[in-house]
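Below is one structure, written out as structure tokens; comments come after it.
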Amino acid sequence: MATPLRVLVVNDDPGMRDGVALSLKRSGLAVDLAREGAEALRLAHQGGYDAVVADLHPAGMDGLELSARLKAVDPVLPVLLIGAAEEPETARLAAFEVLYRPFSADELSAAVQKAVASEGHLKAAEPSEAPLTLTQDPALGETLAMARRAADSRATILIQAENGTGKELLAQLIHGTSSRHGGPLVTLSCAALPEEALEAELFGAEKGAHPGAAPKPGALERAEGGTLVLDAVDALPPGLQGRLLRILQERAGSGRPAPMDVRLISLTSQDLLAEVKAGRFSEDLYYRLNVIPLNLPPLRERPGDLSLLAEHFAERYARENGREVPELTPSFFAALARHPWTGNLRELENVIQRCVVLNQGHRLTQQDLHWLMPTEAFEGLPQDSPAAAPLAAGARQAPGVSPRPDGSPVPGAVLADPRKPLVGLPLGTPVTLPLGLSLPELERFWLLSTLSALRGNRTHCATQLDIALRTVRNKINEYKADGFAIPPSQRGGE
């Protein structure tokens, strides 16, 4: 008897949680329940789930963050979110699918089955494109959503992005989520070979092309029924540009009467339209390749993804090297945020791998990154005490703090400067402030510190402080006008 699919249902509303669970059980699925995001992550770490069905606003964290953190645990785990029809568009980018209330039991079951079937072929091993999908960034989320929508078409795709951002990973994702995933995925770099060799590799070589030459199928023929990825397409020589254009126009291979059945994805780190205007690339070919344009934002424009990616790489390389997964402290994250990451994902992966392999303890701090940046880049970063919880920027350990009745110190208590709201501390961290502060000073400190802890989410800040969202927005505008730094929203919205 086949083992039933196992689904984790996350919802802090008992009625909705039990109703969803009952519908799934009646469909023959095994179901586990979690009330809040933290519990869901703990269960997901144990593994064994085929899908997660979560409310968009479970207790502890919203569904967008939960979806991203579940992907950090299991990059191929499909997450379905349940929300109201008026939920923001960003919800669609965070999950495999969003189910809008009301929906039927059949619609719920069909959505879960579709998600599992779509992602199932990736379950054999961790997909190489996993780091690309770990994101809370709206721009990258929109790119991924567009890529999935275009995956099953025959339209050509042009991916333009800086080196190291994951262009090949995105091409693999498109191939892997399309109906062509059972066919070949052939990648050819247009910059790696001289023109004559590149022509033979791309279009094939006939017998007798040169003394002793045997017939050789080209990449176009080898990719039949699948996907051909042309890397560094901007380096394609003019003569070969014309030949590729003719093939795309005719949709037939050299001398073959039947149309090609090949999806073509082109990659470039150059502005290809600028190359056209400079006369170095065929305008006609550019428009043939650029039916579906996809752009990957560089890592420096996705600061909210740094922690997700660093945790993913740390866990991956700790596992590969037989090490304990290290704790990544606030000072480590703060130092990462100051690096420009010109090498993007590839550079971050290299840095985290080096840190994990060379680290002698069980935590990564700013000290593990002193080889990466000049000394001045570390000025003002928090110092992590080995005997206490990691501290945030603008805070220091409160010496002799004894707020408990028995005189024992509160673990992780920090003495804060009210002029510098805390950055990087989780909600609930004990904080000590000096006596004699005015009410406006206290109000500003707590609002901006809470906003930082909630990653800039204005709505959650209003809920946490039990004040109106309009009040939060008005105060933010007031503090901004007074010259105070406002924590940016890392989810692209409120």
Side-chain angles (χ1 to χ4, degrees), residues 5-13 16-17 20-21 23-24 27 29-84 87-101 103 107-123 126-127 129-138 140-145 147-149 173 176-177 304-305 308-309 311-312 315 490-493:
L5 296 175
R6 192 166 168 223
V7 181
L8 176 61
V9 175
V10 190
N11 202 308
D12 56 2
D13 181 330
M16 176 64 75
R17 184 172 65 240
V20 169
S23 296
L24 293 175
S27 300
L29 305 176
V31 179
D32 287 342
L33 303 178
R35 191 187 72 83
E36 60 180 10
E39 183 182 3
L41 289 172
R42 179 178 59 79
L43 292 172
H45 270 287
Q46 299 171 10
Y49 291 106
D50 297 286
V52 174
V53 178
D55 188 74
L56 252 171
H57 304 289
M61 68 180 74
D62 72 13
L64 305 186
E65 179 179 357
L66 176 60
S67 180
R69 293 199 173 278
L70 285 169
K71 286 291 186 180
V73 175
D74 183 352
V76 298
L77 180 66
V79 179
L80 294 88
L81 297 176
I82 295 175
E87 296 289 354
E89 178 66 19
T90 49
R92 296 178 180 272
L93 309 180
F96 176 86
E97 187 170 338
V98 178
L99 290 168
Y100 294 105
R101 296 186 291 266
F103 52 83
E107 288 173 330
L108 172 63
S109 176
V112 171
Q113 296 287 353
K114 176 184 174 183
V116 172
S118 177
E119 304 290 322
H121 67 278
L122 298 175
K123 288 284 186 182
E126 179 184 278
E129 68 269 11
L132 185 67
T133 63
L134 295 178
T135 183
Q136 299 178 79
D137 180 71
L140 179 54
E142 179 58 39
T143 294
L144 295 176
R148 289 182 182 275
R149 290 196 298 270
L173 179 66
T177 55
D305 289 346
L308 286 174
L309 291 163
E311 288 169 352
H312 168 77
E315 184 170 340
Q490 296 185 8
R491 299 192 185 97

Least distance between heavy atoms, A51 atom then L77 atom: N-CD1, 3.7 Å
What's the spacing between D55 CG and L99 CG if we round to 0.5 Å? 11.5 Å
Given L41 and L66, is the side-chain contact (heavy atoms from CB on, under 4.5 Å) satisfied, shown in steps? CA-CA 8 Å; L41 289 172; L66 176 60; 4.1 Å; yes
Taking atom CG of D305 and atom CG of L140, what is their separation to the nearest 0.5 Å? 6.5 Å
Distance, nearest 0.5 Å, that separates OG1 of T143 from CG of D137: 8.5 Å
Run the side-chain hydrogen bond (donor to acceptor under 3.5 Å, both in side chains) test against S109 and tell me which residues pass, sequence neighbours left out. S27
So does R149 pair up with E142, basic N to acidic O under 4.0 Å? yes
Polar side-chain atom of D32 near backbone of L8 as donor-acceptor pair, under 3.5 Å: no
Using 0.5 Å steps for rounding, measure from the CG atom of L144 to the OG1 atom of T177. 10.0 Å
Measuring from N11:CG to L33:CG, what's the distance to the nearest 0.5 Å? 10.0 Å
Using every non-hydrogen atom in the two residues, find where V7 and Y49 come nearest and quote the distance to one decimal. C-CD2, 3.9 Å
Does a side-chain heavy-atom distance below 4.5 Å link E36 with D12? no
What pair of heavy atoms forms the shortest contact from Q113 to L5, and how long is it? OE1-CD1, 3.7 Å
Checking R6 side chain against A30 main chain: does a donor-acceptor pair fall under 3.5 Å? no
For R148 and L173 the tightest heavy-atom approach is NH2-CD1, 3.9 Å
So CG of L80 and NZ of K114: to nearest 0.5 Å the spacing works out to 9.5 Å
